[in-house]
Amino acid sequence: TSNATYVEKGILKNILNFFSMLKINLTETEIFQLVPQERVMEYYLGITPGSDLVTSPFRVDKKPGCNFWKNPQTGILYFKDWAEYKSWTAVQVVMEKYKLTYHRAVSKINLDLDKILQGYKEEDYIFTAKKAKLIQVVLREKFDSHELNYWKQYGITEEILLKYNVSAVK
């Protein structure tokens, strides 16, 4: 059964209320079995995960240089700040935003779960390649004179480009 089914039936809210009454905190793994990382990121960052570049909520940022990236091997979603060479998981976003330790950040997510789930629909948070923009790159065998002049200003010859398997693109 999907997370959305539990939300629609109100079961998830009852489970969370039960855990809260018993003063049981869910672990990070348990949280993300109930709620997608995308929803937690959106709640705390105020940004819906997608493929577009956005400005950083953690610093003064006039030029979008951040985006979301999901590791295909682990399934972990990251908020990546390319300008600062930093990235955060959902829990690390809470740690950064509120200056909390790991355990306090997980506790905060537990406390906020009912608010995080308001308006949640599973289909809105499926982070897939379908939502990402596809870019097709076509490689050419030869560099044109404009490209060779560009590389030449850095002291790089066509021979060096070929030696290191650098290709011209169409």
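Position 1 is the first residue of the sequence, and the numbers go up from there.
Residues I156 and L148 fall within the same hydrophobic cluster, defined by Ile, Leu, Val, Met, Phe, Trp and Tyr side chains chained together at heavy-atom separations under 4.5 Å. One hydrophobic cluster holds both Y98 and I47 under the rule that ILVMFWY side chains link at heavy-atom gaps under 4.5 Å. Both Y102 and V35 are assigned to one and the same hydrophobic cluster, defined by single-linkage of ILVMFWY side chains at heavy-atom distances under 4.5 Å.
Geometrically, K115 does not engage Y43 in a cation-pi contact, judged by NZ or CZ lying under 6.0 Å from the ring centre and within 45° of the ring axis.
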- Task: Assess whether side chain to side chain donor-acceptor pair (under 3.5 Å) is satisfied between N67 and W82, documenting all intermediate values.
- Result: CA-CA 8 Å; N67 69 344; W82 296 96; 2.8 Å; yes
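No side-chain donor-acceptor contact under 3.5 Å links E96 to the backbone of V93. With hydrogens and angles disregarded, no donor-acceptor distance shorter than 3.5 Å links the side chain of Q92 to the backbone of F79. Proximity of a side-chain donor or acceptor of E84 to a complementary backbone N or O of D81 within less than 3.5 Å is not detected. Checking side-chain atoms of Q37 against main-chain N and O of L77 turns up a donor-acceptor pair under 3.5 Å. Looking at D61, its side chain never comes within 3.5 Å of a backbone N or O of P57 through a donor-acceptor pair.
Taking NZ of K80 as the start and OG of S56 as the end, the distance is 12.0 Å to the nearest 0.5 Å. Taking CZ of F32 as the start and CD of E38 as the end, the distance is 9.5 Å to the nearest 0.5 Å. Atom NZ in K63 sits 13.0 Å away from atom OG1 in T55 (nearest 0.5 Å). Here the straight-line distance linking atom NZ of K152 with atom OG of S145 works out to 11.0 Å at 0.5 Å rounding.
At least one side-chain heavy atom of E147 sits under 4.5 Å from a side-chain heavy atom of D144. For the pair I109/Y44, a side-chain contact is recorded, criterion being any heavy-atom separation below 4.5 Å from C-beta on. Looking only at side-chain heavy atoms (C-beta outward), F68 and T48 stay at 4.5 Å or farther from each other. The side-chain heavy atoms of L26 and L113, taken from C-beta on, include a pair separated by under 4.5 Å. By the 4.5 Å heavy-atom criterion applied to side chains, M95 and T101 are not counted as neighbours. Side-chain contact between V106 and T27 is absent, with no heavy atoms from C-beta onward closer than 4.5 Å.
Smallest separation of non-hydrogen atoms from A90 and V40: CB-CG1, 3.9 Å. Closest non-hydrogen pair, I116 versus R39, comes out as O-NE, 2.5 Å. Contact detail for K70 and G75: the closest heavy-atom pair is CE-O, 3.3 Å.
Taking a 6.0 Å sphere around CZ of R104, one finds it holds 12 or fewer heavy atoms contributed by other residues, nucleotides or ligands.
Evaluation of the side chain to side chain contact (heavy atoms under 4.5 Å, CB included) rule for Y78 yields W69, N71, I76, S87, T89 as partners, not counting sequence neighbours.
Of the charged side-chain nitrogens involved, none lies within less than 4.0 Å of a carboxylate oxygen, so that K142 and E158 do not count as a salt-bridged pair.
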